[in-house]
Amino acid sequence: MDLSWLKWPLIILAVVGALWLLSSGGTAYMYNRFSADPGEDEVLARRYESGLTNLGNFLLKTLRYEEAEEVIRSAVEKYPNGKNVYLNWYRLAKLAEKRGAYDESVRILEGLMREDANAFDKRVPPYDNLRLRADSLIETHDLR
């Protein structure tokens, strides 16, 4: 059975899907989907927290910083004990730095250092790297 005729329709469908996800309607749909209340379902709560984290990262990578911050902050607020909470706090520090809120970024970085975030999530840089970044922000922007 020859299915080669399906190649182009599938490629077109993939491109349209990717363009839809890049649109504000696509990201709003994903945000609403993952912001729903999971109730008592732990598996669904982990899936939603992961979905918000991934959506925030996608928005961060596509340079939509305001939307990324909203989504990531939502993930941190809804799931303060979630698997990705330290990574999300680290991303919030990066986003605060991008919008010029250097003191907020330093505060978040120092919180991550106090919590030893790297011990819980290896995706967060180790203490020395966080300290170097915070010190650099303090010195560069004369924060103290």
Side-chain angles (χ1 to χ4, degrees), residues 3-141 143:
L3 296 177
S4 62
W5 63 272
L6 273 176
K7 179 174 71 171
W8 284 108
L10 288 175
I11 289 172
I12 291 169
L13 186 63
V15 169
V16 168
L19 290 174
W20 175 76
L21 189 56
L22 284 169
S23 74
S24 58
T27 54
Y29 169 80
M30 297 302 286
Y31 176 75
N32 290 334
R33 178 175 176 213
F34 294 126
S35 293
D37 182 17
E40 298 297 318
D41 190 347
E42 292 291 322
V43 173
L44 197 55
R46 281 194 303 272
R47 187 177 304 147
Y48 285 179
E49 191 245 355
S50 180
L52 286 172
T53 299
N54 290 332
L55 179 59
N57 186 45
F58 171 77
L59 292 167
L60 183 64
K61 299 275 186 197
T62 55
L63 309 178
R64 298 189 299 191
Y65 300 131
E66 287 179 20
E67 292 174 67
E69 187 167 6
E70 179 184 332
V71 170
I72 293 170
R73 194 166 300 280
S74 174
V76 166
E77 290 170 1
K78 287 179 183 277
Y79 305 101
N81 299 319
K83 174 185 169 194
N84 300 303
V85 70
Y86 292 113
L87 176 63
N88 286 332
W89 275 114
Y90 177 66
R91 288 178 177 159
L92 284 174
K94 289 170 59 175
L95 287 163
E97 183 180 346
K98 290 201 179 291
R99 67 178 158 79
Y102 305 114
D103 53 341
E104 180 184 346
S105 181
V106 168
R107 222 175 19 259
I108 294 171
L109 291 171
E110 288 175 343
L112 290 170
M113 287 183 278
R114 269 192 311 279
E115 295 281 328
D116 192 19
N118 181 262
F120 299 102
D121 190 341
K122 296 298 180 196
R123 298 171 294 178
V124 177
Y127 179 91
D128 292 341
N129 293 28
L130 295 174
R131 176 81 271 156
L132 183 64
R133 187 71 207 135
D135 288 345
S136 174
L137 287 171
I138 290 167
E139 185 177 332
T140 303
H141 301 287
L143 298 178

Fill in the blank from the handout: For K78 and S35 the tightest heavy-atom approach is NZ-O, 3.1 Å
Exercise for the section: Could you tell me whether a side-chain N or O of N32 sits under 3.5 Å from a main-chain N or O of A28, the two making a donor and an acceptor? Expected result: yes
Exercise for the section: Give a yes or no answer on whether the side chain of T62 reaches the backbone of L59 with a donor-acceptor pair at less than 3.5 Å. Expected result: yes
Practice task
Can you label the angle between the W20 ring and the Y29 ring as parallel, tilted or perpendicular, going by 30° and 60°?
Solution key: tilted
Practice task
Compare all side-chain heavy atoms of L132 with those of S136 and state whether any distance is below 4.5 angstrom.
Solution key: no
Practice task
Side-chain contact test, heavy atoms from C-beta onward, threshold under 4.5 Å: evaluate it for F34 versus V71 and give yes or no.
Solution key: no
Practice task
Work out which heavy atom in A36 is nearest to a heavy atom in Y79; give both atom names and the distance.
Solution key: O-OH, 4.3 Å
Practice task
May I ask you to decide if R46's main-chain N or O and K83's side chain share a donor-acceptor pair within less than 3.5 Å?
Solution key: no
Completion exercise
Closest non-hydrogen atoms of Y86 and F120, given as atom of the first, atom of the second and distance, are CE1-CB, 3.6 Å
Problem - Heavy-atom closest contact (E97 atom, Y102 atom, distance) - result: O-CE2, 3.5 Å
Fill in the blank from the handout: Heavy-atom nearest pair, I108 first then W89, reads CG2-O, 3.2 Å
Problem - Smallest separation among heavy atoms of A75 and L52, with atom names - result: CB-CB, 3.7 Å
Fill in the blank from the handout: Which of K98, R99, K94, R91 passes salt bridge (charged side-chain N to carboxylate O under 4.0 Å, His left out) with E69? It is R99
Handout entry: Whether E49 side chain and N84 backbone form a donor-acceptor pair below 3.5 Å
Key = yes
